[in-house]
Every structure is written in structure tokens, then in C-alpha cells.
Amino acid sequence: VTIFNRNLWWYLAVTGAVLAIVRSFVISKAAVFEPASALEDVTQYTHYIPKRWRRKGHTHKVYLEFVALFQNCLVVFCQEIFSVCFVPYLLWSSFHDRADDIASFVRQFTVHEEGLGDVCGFSTFDFEKYGNAKFGAPVHRQKSERSRQGKMEKSYLNYRVTYGDAN
């Protein structure tokens with residue numbers, strides 16, 4: 001049987017596909033949106049919940065702060081594509097006079113960590129190699145070989161205060 005030059009099976013297939021797509025947008029009556037429990041679920045994975053968010057997961061302010069921290073994947077992807085295109089131009093136009101300094105820093109402070117690959121030496125918290133005795137490191141390195149203003153030591157201490165002995 002044909003209707004408007006289309007087989008009846010074609011109409012049945014299109015109607016079934018449309019019905020399947022539309023049914024995926026219907027919210028179950030049993031499903032109740034509880035922002036507080038949803039925020040607790042996210043906290044289990046991120047280990048981050050500011051005190052100002054507690055018991056306020058239903059507010060628009062918390063929603064806006066959360067969305068600012070955890071952006072949509074499409075937005076992040078577009079930002080990454082933009083940065084891949086824009087950063088070389090920025091380096092070429094604005095930082096061309098500092099290119100040697102940037103390359104020297106990368107060359108001097110890149111270390112290889114097993115299981116991670118090449119990383120910035122300061123991120124390894126190697127106080128023997130990059131320490132500043134003014135901020136509690138066991139050794140005092142030359143100015144060109146240590147973190148500025150004890151940033152590495154301060155970062156480590158802040159981590160210990162926040163998370164204790166957790167590794």
C-alpha cells in the first residue's frame with residue numbers, strides 16, 4: 001500500500017523513530033529532582049564542596065558557581081580548539097622577545113616522572129632540588145633554581161592543611 005508515493009512501511013518506520021525520540025524526552029513521574037543529593041553525588045567524585053554550598057544546593061547562586069567550575073563539554077572543546085589556534089599567534093606576536101626565556105625555562109625545569117612523562121620540576125615538590133630555606137625547605141638553592149617567593153613550599157603546606165596526610 002502506498003500513500004503520497006511512499007510505502008506504508010516507510011511511514012511506520014518514520015513514526016516509530018519519531019515516537020522513540022520523543023519518548024526519551026519524557027520525564028518519569030517517579031523521578032524527583034533533589035539538587036542536594038545530586039550535589040552530594042558529585043562531591044564523592046570531585047572531593048570539593050565549599051561550606052557556602054552546603055544545604056543550599058537548590059539555590060540559583062550555587063547553580064551558577066557550579067556551572068562556572070564545571071563547564072559543558074562542548075564549551076570546553078570549543079575553548080581548546082580556539083586556544084590551539086590562538087596561542088601560537090599570541091606567542092608569535094606578543095611574546096616573541098621572551099621566546100628564548102620561555103624555551104630556556106621549559107628546558108631547564110622539565111623532568112621525567114615514571115608513569116606521568118615529562119612534567120614541570122616544581123610540580124614534583126622536590127625540595128632538595130628546588131627548595132628555598134626561607135620557606136622551610138631543607139636546602140637553599142640559587143635564585144634561578146628555586147620557586148619564587150616560596151610558592152612551591154606554600155602550595156605543599158596548603159595541601160597538607162587542607163587534606164592532611166591523604167596521598
Side-chain angles (χ1 to χ4, degrees), residues 24-25 27 31-167:
S24 70
F25 293 111
I27 298 173
V32 177
F33 180 62
E34 296 180 22
S37 65
L39 194 57
E40 287 177 19
D41 291 343
V42 171
T43 303
Q44 290 178 353
Y45 296 103
T46 61
H47 306 289
Y48 176 74
I49 183 164
K51 289 182 180 178
R52 65 183 178 275
W53 289 6
R54 293 183 184 151
R55 292 185 294 278
K56 295 181 183 177
H58 61 284
T59 63
H60 191 65
K61 183 178 179 182
V62 171
Y63 169 77
L64 291 176
E65 288 182 29
F66 183 84
V67 170
L69 287 175
F70 304 101
Q71 295 179 341
N72 185 334
C73 292
L74 182 62
V75 172
V76 172
F77 178 75
C78 290
Q79 287 175 343
E80 291 291 327
I81 294 298
F82 177 75
S83 68
V84 166
C85 297
F86 183 69
V87 168
Y89 171 75
L90 183 69
L91 290 172
W92 174 73
S93 64
S94 300
F95 298 117
H96 65 284
D97 55 335
R98 303 292 299 204
D100 290 335
D101 295 335
I102 294 169
S104 175
F105 177 86
V106 171
R107 199 177 313 110
Q108 182 178 1
F109 293 108
T110 299
V111 295
H112 183 78
E113 284 290 317
E114 194 64 36
L116 289 176
D118 292 333
V119 297
C120 178
F122 295 113
S123 69
T124 63
F125 295 114
D126 187 354
F127 298 111
E128 297 287 334
K129 192 170 182 181
Y130 306 109
N132 188 341
K134 292 180 183 177
F135 296 94
V139 296
H140 191 72
R141 291 295 191 189
Q142 295 177 12
K143 188 175 182 178
S144 62
E145 296 177 354
R146 65 179 187 235
S147 64
R148 290 187 179 163
Q149 300 173 353
K151 288 182 180 181
M152 183 177 64
E153 292 85 351
K154 290 176 184 177
S155 176
Y156 179 74
L157 290 174
N158 185 43
Y159 177 84
R160 293 298 297 260
V161 167
T162 305
Y163 299 107
D165 290 333
N167 292 335

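In this text, all values refer to a predicted model and were calculated from it rather than measured experimentally.
Using a 4.5 Å cut-off on side-chain heavy atoms (C-beta onward), R52 and K61 make no contact. Here the side chains of F66 and V42 are in contact, with some heavy-atom distance below 4.5 Å. Residues D126 and V111 have side chains not in contact (no heavy-atom distance under 4.5 Å, counting atoms from C-beta outward). Here the side chains of F77 and E80 are not in contact, with every heavy-atom distance at 4.5 Å or above.
Between F86 and F82, the ring planes lie parallel to each other; the angle is under 30°, not in the 30° to 60° tilted range. Using a 30° and 60° split on the angle between ring planes, Y130 and F109 fall in the tilted class, from 30° to 60°.
Other residues, nucleotides and ligands place more than 12 heavy atoms under 6.0 Å from the CD atom of E65.
With hydrogens and angles ignored, the 3.5 Å screen pairs no side-chain donor or acceptor of S155 with any backbone N or O of K151.
Pairing each heavy atom of P35 with each of H58, the nearest pair is CG-CA, 3.8 Å.
For the side-chain contact (heavy atoms from CB on, under 4.5 Å) with I49, the qualifying choice from Q44, R54, E40 is R54, the only one to do so.
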Inset, instruction - Report the C-alpha separation of K154 and N158 in whole Å, then their side-chain angles, then the decisive distance to 0.1 Å, and conclude whether the side chain to side chain contact (heavy atoms under 4.5 Å, CB included) test is met. - result: CA-CA 6 Å; K154 290 176 184 177; N158 185 43; over 6 Å; no

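Taking the six-membered ring for Trp, Y156 and F127 have ring centres closer than 6.0 Å.
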